[in-house]
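Please read all numbers here as calculations on a predicted model, not as lab measurements. Side chains are part of it too, since the values below use all heavy atoms of this structure and drop only hydrogens, waters and symmetry mates.
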Amino acid sequence: MKHIVFLIAVAITLFGITATAQTADKGTVTEKIEVAGNCGMCKERIENAAYGKGVKHAEWDKTTGILTITYRADKTTREAITKRVAAAGHDIPDQPADKAAYENLPPCCSYKTNPDRH
C-alpha cells in the first residue's frame with residue numbers, strides 16, 4: 001500500500017513539473033527585427049520602447065542593428081512592439097519612425113544623417 005501511495009505521489013509531482021515547463025514555453029516567440037540606430041543612447045531607447053506587456057526580453061545590437069525580442073504571443077504582437085519602437089523615433093523596415101520623435105533625438109542618434117548606420 002505504501003508503494004502505491006509513493007508511486008502516485010511521484011507521478012503527480014512529475015506531471016506537475018512537466019505541465020509547468022510546458023506552460024512556461026507555450027506561446028513564447030523570439031524574433032529578430034532590424035532597427036535603425038547609432039549609439040548606446042539608441043540602444044537604451046530602443047530596448048525600453050520594445051518592452052511592454054508580454055515582452056520578456058528585448059536586446060538591440062548596436063553593431064548589427066538587430067533587435068532580438070522574446071514575447072508571449074497571447075499578450076502582445078510583433079506589430080505592437082514595432083509600433084512602440086517607431087514611436088520612439090527608430091525606423092524598422094515595415095514601420096517608419098515617427099517623424100517628430102526622430103527630429104527630437106539627440107544629434108548622436110540621428111541615424112538618417114550618419115552614413116555609418118542604417
Side-chain angles (χ1 to χ4, degrees):
M1 183 70 171
K2 288 182 182 179
H3 293 306
I4 294 173
V5 172
F6 176 75
L7 290 174
I8 292 172
V10 169
I12 291 171
T13 302
L14 289 176
F15 177 76
I17 292 171
T18 303
T20 302
Q22 289 174 348
T23 302
D25 292 335
K26 188 175 184 178
T28 302
V29 177
T30 299
E31 293 192 47
K32 295 183 181 297
I33 303 167
E34 184 179 346
V35 180
N38 284 335
C39 63
M41 288 174 56
C42 291
K43 177 179 174 59
E44 184 177 347
R45 185 180 313 100
I46 291 166
E47 291 172 358
N48 286 339
Y51 274 106
K53 183 178 181 179
V55 178
K56 296 182 169 285
H57 176 76
E59 185 174 355
W60 183 71
D61 185 307
K62 185 174 94 171
T63 304
T64 63
I66 300 296
L67 172 65
T68 303
I69 52 171
T70 302
Y71 62 94
R72 288 190 43 187
D74 62 334
K75 301 283 183 187
T76 193
T77 63
R78 178 188 191 279
E79 181 182 8
I81 297 166
T82 59
K83 281 184 178 183
R84 287 194 302 269
V85 173
H90 293 273
D91 281 334
I92 297 169
D94 59 346
Q95 182 75 44
D98 178 83
K99 186 177 179 180
Y102 177 79
E103 290 173 356
N104 286 323
L105 294 178
C108 63
C109 298
S110 298
Y111 54 86
K112 292 179 182 180
T113 57
N114 183 346
D116 294 334
R117 278 309 294 155
H118 307 281

Are [X] and [Y] packed together at the side-chain level, in the sense that at least one heavy-atom pair is separated by less than 4.5 angstrom?
X: R84; Y: V55; result: yes
X: T30; Y: H57; result: no
X: R72; Y: K53; result: no

Greater than 12 external heavy atoms within 6.0 Å of K83's NZ: no
Supply the atom-to-atom distance [X] [atom1] to [Y] [atom2], rounded to the nearest 0.5 angstrom.
X: D91; Y: T82; atom1: CG; atom2: OG1; answer: 12.0 Å
X: K56; Y: I69; atom1: NZ; atom2: CD1; answer: 13.5 Å
X: I46; Y: I33; atom1: CD1; atom2: CD1; answer: 11.0 Å
X: S110; Y: Y102; atom1: OG; atom2: OH; answer: 4.0 Å

Where is the tightest heavy-atom contact between [X] and [Y], given as atom of each residue plus distance?
X: L105; Y: G89; answer: CD1-O, 3.6 Å
X: W60; Y: K43; answer: O-NZ, 2.9 Å
X: M41; Y: C108; answer: SD-SG, 3.9 Å
X: V85; Y: A49; answer: CA-CB, 3.9 Å
X: T76; Y: A80; answer: OG1-CB, 3.6 Å
X: A50; Y: L67; answer: CB-CD2, 4.1 Å

Check: I66 main-chain N/O paired with D61 side-chain donor or acceptor under 3.5 Å: no
E34 side-chain N/O to G65 backbone N/O, donor-acceptor pair under 3.5 Å: no
Of all pairs that satisfy ring pair (Phe, Tyr, Trp, His ring centres under 6.0 Å), the ones with a partner from residues 73-100, not counting sequence neighbours: H90-Y111
Side chain to side chain contact (heavy atoms under 4.5 Å, CB included) against E103, all qualifying residues, sequence neighbours excluded: K99
Pairing residues for E31 by the salt bridge (Lys or Arg N to Asp or Glu O under 4.0 Å) criterion, not counting sequence neighbours: R78
